[in-house]
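The structure under discussion appears below in the form of structure tokens.
Since this is a predicted model, take the numbers as computed values, not measurements.
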Amino acid sequence: MSEIAKKRNVENYEESTDKRSSESVLLKNNQEHLSKRQRVEGIDNNPYLAHRQITKSPLDGWFPGRTTAEQARIAEDGDINPFTNKPFSKRYRELLKARRTLPVHAQRKEFLDLVHESQFVVFVGETGSGKTTQIPQFLCYDILPHLKKKQIACTQPRRVAAMSVAQRVADEMDFKLGEEVGYNIRFEDCSGPKTMLKNRYY
Ligand SMILES: Nc1ncnc2c1ncn2[C@@H]1O[C@H](COP(=O)(O)OP(=O)(O)OP(=O)(O)O)[C@@H](O)[C@H]1O
């Protein structure tokens with residue numbers, strides 16, 4: 001091989017390694033855009049598939065109406081809101097911590113067992129124990145109404161209660177009021193096509 005040809009080969013080699021190393025930086029950067037979850041899971045680890053945004057829902061493998069308190073606890077503690085597929089906010093985590101101290105949370109398993117085996121359940125609890133704000137959320141995580149466009153209806157004794165409870169539940173579930181959680185009072189309907197939990201006063 002002549003000296004010139006040798007030199008050209010070396011140049012080509014250097015050029016191609018440079019190209020490869022810049023490609024790998026590019027891929028590395030692309031990977032940084034992936035969520036932590038996608039990076040951890042091997043299936044999504046292929047940077048060439050990053051554009052497909054393959055994400056597993058925290059509700060995968062759940063049977064509506066046959067869920068457990070433990071499944072709900074894990075989903076509530078997760079990174080992603082299973083109803084919106086958006087990351088949970090800091091405010092959500094603060095509210096969740098407070099909610100977990102409410103008496104109804106200690107009986108979530110018992111409540112779900114009763115709901116699964118009965119057509120009607122009469123649930124009695126102390127004032128402030130969490131009946132109004134927590135029970136509808138337990139049902140959302142059990143029935144998964146959004147999957148079949150169902151809606152959980154909660155009747156309220158007053159207009160203001162319907163609005164304020166809806167706002168509180170929307171905050172606790174990390175939703176925007178009027179989207180997944182809404183209310184309906186006479187002449188005012190604050191809900192939308194995604195609404196799965198509605199507080200009503202007539
Ligand atoms: N809008 C709100 N802002 C702050 N805290 C709230 C709000 N709504 C409810 N809470 C708190 O959440 C907890 C549970 O309230 P919730 O209304 O679910 O209880 P409850 O068992 O239905 O009470 P009641 O029998 O009086 O209706 C209570 O400690 C209450 O103070």
CA sep, side-chain torsions, deciding dist, call: T155, Y201, side chain to side chain contact (heavy atoms under 4.5 Å, CB included): CA-CA 6 Å; T155 55; Y201 167 78; over 6 Å; no

Could you walk me through whether L197 and E180 pass the side chain to side chain contact (heavy atoms under 4.5 Å, CB included) check? CA-CA 7 Å; L197 177 58; E180 288 81 3; over 6 Å; no

Criterion side chain to side chain contact (heavy atoms under 4.5 Å, CB included) on F175 and N81, from CA distance to verdict: CA-CA 9 Å; F175 296 147; N81 188 326; 3.5 Å; yes

Given F63 and Q71, is the side chain to side chain contact (heavy atoms under 4.5 Å, CB included) satisfied, shown in steps? CA-CA 11 Å; F63 294 101; Q71 280 180 311; over 6 Å; no

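For the atom pair NE2 of H116 and CG of D113, the computed distance is 7.5 Å after rounding to the nearest 0.5 Å. K149 NZ to L147 CG: the interatomic distance, rounded to the nearest 0.5 Å, is 10.0 Å. The distance from atom CZ of R73 to atom CG of L96, rounded to the nearest 0.5 Å, is 10.0 Å. Separating the CG atom in N184 from the CD atom in Q151 is a distance of 8.5 Å, to the nearest 0.5 Å. Atoms CG and NZ, from L139 and K150 in turn, are 11.5 Å apart once rounded to the nearest 0.5 Å. Rounded to the nearest 0.5 Å, atoms OH (Y183) and OG (S164) are 10.5 Å apart.
Each of Q156, R168, Q167 was compared with N199 under the side chain to side chain donor-acceptor pair (under 3.5 Å) criterion, and only Q156 meets it.
The aromatic rings of F83 and H146 sit perpendicular, their planes meeting at an angle over 60°, well past the 30° parallel limit.
Hydrophobic clustering of Ile, Leu, Val, Met, Phe, Trp and Tyr side chains at less than 4.5 Å, counting indirect connections, keeps V165 apart from V160. Residues I135 and I143 share a hydrophobic cluster, clusters being chains of Ile/Leu/Val/Met/Phe/Trp/Tyr side chains in contact below 4.5 Å. W62 and I80 fall into different hydrophobic clusters, where Ile, Leu, Val, Met, Phe, Trp and Tyr side chains are chained together by heavy-atom contacts under 4.5 Å. Under a hydrophobic clustering in which Ile, Leu, Val, Met, Phe, Trp and Tyr are joined whenever their side-chain heavy atoms come within less than 4.5 Å, directly or via other members, L112 and I74 fall into different clusters. One hydrophobic cluster, built from ILVMFWY side chains closer than 4.5 Å, holds both V169 and F111.
G78 and F88 make their closest contact through O-CD1, 3.2 Å (heavy atoms, listed as atom of the first residue, atom of the second, distance). Between I152 and P136, the shortest heavy-atom contact is CD1-O, 4.2 Å. The minimum heavy-atom distance between E126 and K131, with the atom names listed, is O-NZ, 3.0 Å. Nearest heavy-atom pair across P58 and N85 is CD-OD1, 4.4 Å.
In summary, R100 and D77 engage in a salt bridge, as defined by a charged side-chain N under 4.0 Å from a carboxylate O. Look at E76 and R99 and you find a salt bridge, because one of the NZ, NE, NH1 or NH2 atoms lies within 4.0 Å of a carboxylate O, short of that distance. Using a cut-off of 4.0 Å between Lys/Arg side-chain N and Asp/Glu carboxylate O, D189 and K198 are scored as salt-bridged. Contact check on K97 versus E94 returns no salt bridge, with no Lys/Arg side-chain nitrogen under 4.0 Å from an Asp/Glu carboxylate oxygen.
With hydrogens and angles disregarded, a donor-acceptor distance shorter than 3.5 Å links the side chain of S118 to the backbone of L114. Counting only distance, with no hydrogens or angles, the side chain of E172 and the backbone of Y92 share no donor-acceptor pair below 3.5 Å. D174 places a side-chain N or O within 3.5 Å of a backbone atom of S89 that can act as its donor or acceptor partner.
Other residues, nucleotides and ligands contribute more than 12 heavy atoms inside 6.0 Å of the CZ atom of R93.
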